[in-house]
Enquirer: 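Below is the structure I would like to discuss, written out as structure tokens.
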Amino acid sequence: MSIRILATSPLVGPALSELGARFPELRLASFRSPEWNAALPEAKALVVVLSDALTEADLDAAPQLRAIGTLSVGVNHLPVAGCQSRGIAVVNTPDVLTDATADLALTLLLTLTRRVAEGEALVRSNQWKGWEPDQLLGSSIAGKCCGILGSGPIGLAFARRSWALGMRPLFWDREGRGGDVDFGAARGPRLALSELLSRSAVLSIHCPLTEQTRHLLDREALARLPKGAILINTARGGILDEDAAIDLLMTGRLGGAGLDVYEGEPRINPRWLLAPRTVLLPHLGSATVETREAMAQLLCDGLAAALSTSR
Ligand code: DGY
């Protein structure tokens, strides 16, 4: 019996089982396990997650492949050009994770500026001796500029949230466009990267990882941020030069870093664990039940459509 769909993981909600009922040759096998490797040559579709880095060699090993579905909006782990040249559809999960990801970026921003993690640790360690006028002072955000890298749906959703807290959103996008960005609640200027960086008390990354954005925030770019700026990354670790950011945290030049993503994750640069004023999360951007169910549904619907129309 030929293998129709090869999935590396069960998904949240009923979508994958329903897809399996429609295409009864659905197989579950961990990425690059012997079972996955053995099933690949006959696979008509793959279901992967963002940590499953597929290569051109995988496409060569899967001549039957018609579609790849990834449970993510990001497609940086897929050989997209190779898929295009072979007529393999790529199905990702945009839009349904916009609010969840923007919510998590906001959570990181408030956790850092109000020193939530340190306060929680103080109480939990039973070391809190009582209220003091200068205890765990954070910084206010109202009236300050919030630089946003990317003016796609997640960048706009984060802009609305920061604006609701009194911040002033500024944008940069990969196309280098000028003019204003209408983020729904108001408008904010699109600036050259160097100007945006020099004005951003908070910088939040919301662009995809591409060859253009890899290490976009290098040492020189990060040095343009005002002293004490807060950096938030819920996009992809590779956009940031992590060692440069850690150096700036160590010297106090950078006021804090809230990270949900890491270059080479789940391996984490061990220096992050020693860096001051950091909040480190395990890639939770889209991690709500509702969002993951919606992502699974979108992915499975897209695969079913691609398989139904392919040869
Ligand atoms: C994505 O879907 O690409 C996000 O990183 C998930 O959190």
Side-chain angles (χ1 to χ4, degrees), residues 7-13 15-16 31 45-55 67-81 83 89-109 111 148-159 161 173-174 203-217 231-240 242 245 257-269 272 279-303:
T8 57
S9 167
L11 304 182
V12 178
L16 191 62
F31 188 56
L46 300 179
V47 176
V48 296
V49 298
L50 55 82
S51 46
D52 301 332
L54 287 168
T55 63
I68 298 175
T70 178
L71 192 77
S72 61
V73 63
V75 293
N76 53 289
H77 54 302
L78 303 180
V80 175
C83 290
V90 173
V91 178
N92 66 340
T93 62
D95 303 327
V96 293
L97 46 60
T98 296
D99 284 327
T101 308
D103 286 347
L104 195 82
L106 184 67
T107 303
L108 285 167
L109 168 57
T111 302
I148 299 175
L149 299 186
S151 54
I154 302 174
L156 301 189
F158 184 73
R161 285 156 174 76
D173 68 24
R174 291 175 294 152
L203 182 69
S204 194
I205 306 175
H206 298 289
C207 53
L209 174 61
T210 64
E211 281 321 303
Q212 184 193 356
T213 63
R214 189 177 298 283
H215 287 193
L216 176 74
L217 292 179
L231 179 65
I232 308 293
N233 193 1
T234 55
R236 285 292 181 270
I239 298 168
L240 175 67
E242 296 186 342
L259 304 183
D260 189 40
V261 290
Y262 309 86
E263 188 159 28
E265 64 182 58
R267 182 194 56 78
I268 300 210
N269 183 332
W272 277 125
V279 175
L280 307 176
L281 297 180
H283 207 143
L284 296 178
S286 64
T288 72
V289 173
E290 295 86 345
T291 303
R292 288 284 164 81
E293 282 189 1
M295 290 167 73
Q297 195 63 56
L298 193 58
L299 163 54
C300 292
D301 289 349
L303 277 190

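Counting starts at 1 for both ligands and their atoms, in listed order. What you are looking at is a predicted structure, and each value in this text was computed from that prediction instead of being measured.
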Enquirer: Which of these, V49, L46, L54, sits in a side-chain contact (heavy atoms from CB on, under 4.5 Å) with F31?
Expert: L54
Enquirer: Quick check: do Q297 and V96 have side-chain heavy atoms less than 4.5 Å from each other?
Expert: no
Enquirer: Under the rule for side chain to side chain contact (heavy atoms under 4.5 Å, CB included), what residues qualify as partners of E293, not counting sequence neighbours?
Expert: V12, V289
Enquirer: Do the side chains of L217 and L203 get nearer than 4.5 Å, heavy atoms only?
Expert: yes
Enquirer: Just to verify, what does A235 make a side chain to side chain contact (heavy atoms under 4.5 Å, CB included) with, not counting sequence neighbours?
Expert: I205, N233, I239
Enquirer: Extract all N/O-N/O pairs under 3.5 Å that connect ligand 1 to the protein, and present each with both atom names and the distance rounded to 0.1 Å.
Expert:
unit_1, atom_1, unit_2, atom_2, d
ligand 1, 2 (O), V73, N, 2.7
ligand 1, 3 (O), V73, N, 3.3
ligand 1, 3 (O), G74, N, 3.0
ligand 1, 3 (O), R236, NH2, 2.6
ligand 1, 5 (O), R236, NH1, 2.7
ligand 1, 5 (O), H283, NE2, 2.7
ligand 1, 7 (O), H283, NE2, 3.4
ligand 1, 7 (O), S286, N, 3.4
ligand 1, 7 (O), S286, OG, 3.4

Enquirer: Can you name the side chain to side chain contact (heavy atoms under 4.5 Å, CB included) partners of P282, sequence neighbours left out?
Expert: L284
